[in-house]
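One structure is given below, encoded as structure tokens.
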Amino acid sequence: MSFDLSVFSNKNIILAVTGGIAAYKSAILVRRLKDYGFNVRVVMTHGAQAFITPLTFQALSGNPVHTELLDPEAEAGMGHIELARWADLVLVAPASCDTIAKFAAGLADDLLSTLYLATKAPVWVAPAMNQQMWAAKPTQRNLNTLVEDGVHVIMPEAGSQACGDVGLGRMPEPQDLAEQVKNYFHQAQRAIAEKFGLLAGKRVVITAGPTREAIDPVRYISNHSTGKMGFAIAAACYSAGAKVTLLAGPVSLDTPNGVRRINVSSAIKMLDESMHQLEEGCDVFIATAAVADYRVAEVAEHKIKKAGDELNVSLVKNPDIVATIAQQSKRPFMVGFAAETRNVEEYAAGKLVAKKLDMIACNDVSRADIGFASDQNAMTVFFAEQYQMEKRDLEKASKQEIAQQLVEAIHDALHHEIEPV
Ligand code: C5P
């Protein structure tokens with residue numbers, strides 16, 4: 001199954017390909033890493049280019065391929081130092097004897113060996129070579145040096161080799177390597193979450209409250225949403241270590257501690273600000289706002305004067321904010337809400353799919369004891385199919401407690417492959 005997990009869309013991998021027949025497997029590795037949402041840039045040594053062309057990697061990674069250390073054109077785009085800083089992980093696969101020896105000796109006579117010295121990112125090498133070359137004392141000595149220097153060495157597999165030999169030296173399959181990378185980032189994130197909070201380091205954007213759609217300079221169309229649920233979620237996300245931006249419609253609530261609040265009025269303004277926040281960087285987008293479905297087609301420039309027994313106002317549909325954000329190529333983890341008066345779960349499940357959400361929380365607003373103006377709520381949470389997570393019933397509780405449980409649900413979904421429910 002292919003997971004297009006937005007959770008990795010801010011993680012940058014440099015895949016360094018060196019000279020060896022296993023280089024063909026690296027083309028598939030780029031695909032698998034991209035499937036997980038990673039940004040991939042490929043660096044190739046001269047040796048690698050004898051086996052596979054840079055064009056292949058350029059097409060698969062969607063980025064220019066880096067081959068030269070002192071190429072003025074390449075350096076003008078992303079030079080070796082910028083490349084070294086860009087990486088969250090450098091994966092050398094396949095790693096030839098020659099590259100391993102260069103790393104061990106600290107040489108810096110081509111792009112990859114220079115990059116190795118210049119990066120602070122973890123470096124992984126997946127050696128692939130003839131079994132005799134693998135077993136050779138200098139190779140083993142150099143690998144020991146790399147391990148001492150903090151490099152993670154992925155053991156080659158045993159089997160028949162392209163040269164006809166049988167033994168250790170085969171590069172693991174691309175899917176295995178991609179999974180190891182994914183698990184590494186999952187574990188790193190889990191460690192951070194344990195230490196600093198469930199959403200530590202995440203940028204969360206929340207829409208809350210109603211929108212107000214002007215009819216003329218003094219009148220508007222709106223709804224009864226108080227924004228309480230959205231504000232409670234903003235507070236819970238901040239307590240969980242997230243950096244929170246709250247896009248608030250017109251509500252009379254105090255801004256939760258530590259939360260950056262941006263007041264907006266109409267649905268169009270809320271969408272504009274949401275898109276702006278997406279550009280600034282957003283890991284999780286939570287849409288609690290009760291956005292007006294329609295706005296007035298032509299807002300009158302001056303106050304409409306009373307005349308006749310009827311007044312016809314033409315309305316046009318507002319954009320769906322959460323669905324628009326969910327369609328963007330670099331989409332965050334998307335959370336929507338569904339307030340319904342009947343067939344609650346059925347409608348919510350439909351919206352989850354239609355709006356391409358990762359998670360939806362629904363409640364029955366026909367119940368007088370929960371919902372809109374109440375301080376209490378009860379919800380059912382559904383996850384998109386690819387998460388393979390059971391729905392969760394959040395029993396009636398204060399909006400603060402419900403918000404905390406929603407934060408836990410978001411965290412669990414972001415980490416679902418390590419801790420399946
Ligand atoms: O379609 P419906 O309004 O019931 O969907 C509710 C969900 O969609 C909520 O998460 C709400 O914030 C979001 N929404 C939106 N933009 C709209 C309408 C709804 O973001 N125009």
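FYI, the numbering just counts along the sequence from 1. None of the values given here were measured: they were computed from a predicted structure.
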4.5 Å side-chain heavy-atom contact, [X] and [Y]:
| X | Y | result |
| --- | --- | --- |
| Gln49 | Pro54 | yes |
| Arg32 | Val30 | no |
| Met389 | Asp412 | yes |
| Ile100 | Leu146 | yes |
| Leu143 | Val147 | no |
| Leu199 | Val407 | yes |
| Val43 | Thr67 | no |
| Val90 | Pro122 | no |

Of all the heavy-atom pairs spanning [X] and [Y], show the shortest one and how long it is.
| X | Y | result |
| --- | --- | --- |
| Ala208 | Ala289 | N-CB, 3.7 Å |
| Ala290 | Ser225 | CB-CB, 3.6 Å |
| Ala87 | Ala121 | O-CB, 3.4 Å |

Legend entry - ring-ring contact (aromatic ring centres under 6.0 Å, His included): pairs with one or both residues in residues 63-112, sequence neighbours excluded: Phe103-Tyr116
Inset, instruction - Verify whether one side chain among Ser366 and Asp364 offers a donor that lies under 3.5 Å from an acceptor in the other. - result: yes
Donor-acceptor pair, [X] side chain versus [Y] backbone, under 3.5 Å?
| X | Y | value |
| --- | --- | --- |
| Gln404 | Gln400 | no |
| Thr288 | Thr207 | yes |
| Glu68 | Leu111 | no |
| Asn363 | Met379 | no |
| Thr211 | Val291 | no |
| Glu280 | His276 | no |
| Ser61 | Val42 | no |
| Ser26 | Leu29 | no |
| Thr99 | Ala95 | no |
| Arg212 | Ala292 | no |

[Y]/[X] salt bridge by N-O under 4.0 Å criterion:
| X | Y | result |
| --- | --- | --- |
| Lys351 | Glu340 | yes |
| Asp293 | Lys317 | no |
| Asp216 | Arg219 | yes |
| Asp110 | Lys102 | yes |

Crowding at [atom1], [X] (>12 non-hydrogen neighbours, <6.0 Å):
| X | atom1 | value |
| --- | --- | --- |
| Asp393 | CG | yes |
| Arg261 | CZ | yes |
| Tyr24 | OH | no |

Inset, instruction - List the steps, then state whether ring-ring contact (aromatic ring centres under 6.0 Å, His included) holds for Phe38 with Phe185. - result: CA-CA 10 Å; Phe38 291 111; Phe185 281 104; 5.4 Å; yes
Legend entry - Pair Val181-Leu33, side chain to side chain contact (heavy atoms under 4.5 Å, CB included): steps then yes or no: CA-CA 8 Å; Val181 172; Leu33 290 170; 4.1 Å; yes
Legend entry - Sequence-distant partners of Lys391, salt bridge (charged side-chain N to carboxylate O under 4.0 Å, His left out), two or more places apart: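 Counting only residues at least two positions away or on another chain, Lys391 forms a salt bridge (charged side-chain N to carboxylate O under 4.0 Å, His left out) with Glu345.
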Mind checking the [atom1]-[atom2] spacing from [X] to [Y]? Nearest 0.5 Å is all I need.
| X | Y | atom1 | atom2 | result |
| --- | --- | --- | --- | --- |
| Leu112 | Asp109 | CG | CG | 10.0 Å |
| Ile321 | Leu271 | CD1 | CG | 5.5 Å |
| Cys282 | Ile325 | SG | CD1 | 7.5 Å |
| Asp283 | Arg203 | CG | CZ | 8.0 Å |
| Lys228 | Asn377 | NZ | CG | 11.0 Å |
| Leu115 | Ile81 | CG | CD1 | 8.5 Å |

Inset, instruction - Would you please classify the geometry between the Phe383 ring and the Tyr387 ring as parallel, tilted or perpendicular, with 30° and 60° separating the classes? - result: tilted
Legend entry - Residue pair Gln58, Thr56: steps toward the side chain to side chain contact (heavy atoms under 4.5 Å, CB included) verdict: CA-CA 5 Å; Gln58 183 181 313; Thr56 305; over 6 Å; no
Legend entry - Stepwise side chain to side chain contact (heavy atoms under 4.5 Å, CB included) check, Val92 with Thr18: CA-CA 7 Å; Val92 189; Thr18 74; 3.8 Å; yes
Legend entry - Trace of the side-chain hydrogen bond (donor to acceptor under 3.5 Å, both in side chains) decision for Gln405 with Glu401: CA-CA 6 Å; Gln405 292 185 60; Glu401 281 169 64; 5.6 Å; no
Inset, instruction - Run the numbers on Ile410 and Val284 for side chain to side chain contact (heavy atoms under 4.5 Å, CB included), then give the verdict. - result: CA-CA 9 Å; Ile410 292 168; Val284 180; 4.1 Å; yes
